[in-house]
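A quick note: this is a predicted structure, and the numbers were derived from the prediction, not measured. We count ligands from 1, going down the list as the structure has it; atoms in each ligand are counted the same way.
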Amino acid sequence: MGIINVTPDSFSDGGLYLSTQRAIAHARDLIDEGADILDIGGESTRPGSQYVNVDEELNRVLPVLEALVDTGIPISIDTSKPEVMKHAIEAGAFMINDVNALRNPGTLEAVAPHKHVQICLMHMQGTPQSMQANPQYIDIVSEVKDFLRQRIHAVNTAGIASNRLVIDPGFGFGKTLQHNLALLNQLNEFTTLGIPILAGLSRKSMLGAITGNNVSQRLHESVAAALLAAVKGARIVRVHDVKASKAALAIYNATQELDK
Ligand code: 7PM
């Protein structure tokens, strides 16, 4: 899964139009690099990010989705808002990636009737504004697993079948470095839930905390983390660097005889 961010560039006066064109061009590059899914986000769910209202988020995300739908590549939309979910599904989204795991009012109803649409349920402790202040767990792996089990049950009860689901422990979302490392080390524990696992580690600060590299220099640690997540059972890795990640995963897949 290749990451596409759509946010207006505050350093140029091109505004949203240029950001949209840049995101579409970047998406085409990631398709050429071999992305199997693209995840498009308007940044409203990012840690510490400013609240983005529905209209603004739609203005960011929909033109990019509409421009890419004809490529045939499955498109995921990173949103927690029911209105954005509805419009994105109408415009052809294949997956809704919700860092709030369909806990916001109206989100279950927005996605439930659309039986062809996949859902990523991610774990987060707290809210994007406050979650990194003082994250606390007694047993990180069992608490995240219990949360995901409860969310799977809640969405099943709302009429969303398990074959539409993907689960994600939410690296960096209300977790210290030690919490993140324990989750990565024990990622295979989540396979017993019987739902495909998605892991997002690309360029995250937990990687920089280990190597000392800043965000623009975390390619090697990101590829290592994606490969490790795959070895420990992740079926989808959410990455910025598609070409390098694909090459690393091809080696693992060859040993598993899964490669095409
Ligand atoms: C600043 C900090 C900007 C963190 C962006 C981020 C995930 C996600 C994100 C994830 C799923 C990033 C994050 N991370 N969705 N959205 N899983 N499902 O690094 O780990 O892209 S935003």
Using a 4.0 Å cut-off to any heavy atom of [X], which atoms of ligand 1 qualify?
X    : result
G200 : 20 (O)
C120 : 18 (N)
D78  : 16 (N)

How far is [atom] from its nearest protein heavy atom, and which residue and atom is that?
atom                    : answer
atom 22 (S) of ligand 1 : R46 CD, 3.1 Å
atom 20 (O) of ligand 1 : K204 NZ, 2.6 Å
atom 1 (C) of ligand 1  : P47 CD, 4.0 Å
atom 11 (C) of ligand 1 : D168 OD2, 3.1 Å
atom 12 (C) of ligand 1 : R238 NH1, 3.6 Å

Query raised in the report: Does the cation-pi check pass for K246 over Y252, that is, NZ or CZ under 6.0 Å from the six-membered ring centre and within 45° of its axis?
Result: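 Output no; distance or angle outside limits.
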Report task. Using a strict cut-off of less than 4.0 Å between a Lys/Arg side-chain nitrogen and an Asp/Glu carboxylate oxygen, indicate whether D98 and R151 qualify as a salt bridge. Result ->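 Salt bridge between D98 and R151, a charged N being under 4.0 Å from a carboxylate O: no.
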Requested in this report: Measure the distances from the heavy atoms of G172 to every atom of ligand 1 and state whether one is below 4.0 angstrom.
Outcome: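 Flag not set, G172 not near ligand 1.
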Report task. Identify, with sequence neighbours excluded, every residue that meets ring-ring contact (aromatic ring centres under 6.0 Å, His included) alongside F94. Result ->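 Once residues adjacent in sequence are excluded, F94 has no partner under the ring-ring contact (aromatic ring centres under 6.0 Å, His included) criterion.
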**Report entry** T192 and K145: CA distance, side-chain angles, deciding distance, side-chain hydrogen bond (donor to acceptor under 3.5 Å, both in side chains) verdict
**Finding:** CA-CA 10 Å; T192 63; K145 200 171 164 182; 2.7 Å; yes
Query - N5 versus T7, side-chain donor and acceptor atoms under 3.5 Å - result: no
Query raised in the report: If we ignore angles and hydrogens, is there a donor and acceptor under 3.5 Å between the side chains of N97 and S76?
Result: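 No, no side-chain donor-acceptor pair sits under 3.5 Å.
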Report task. Looking only at distances, please establish whether an N/O atom of ligand 1 is found under 3.5 Å from an N/O atom of N97. Result ->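 Such a contact does occur with ligand 1.
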Report task. Mind telling me whether Y137 and H123 have parallel, tilted or perpendicular rings, with 30° and 60° as the class edges? Result -> tilted
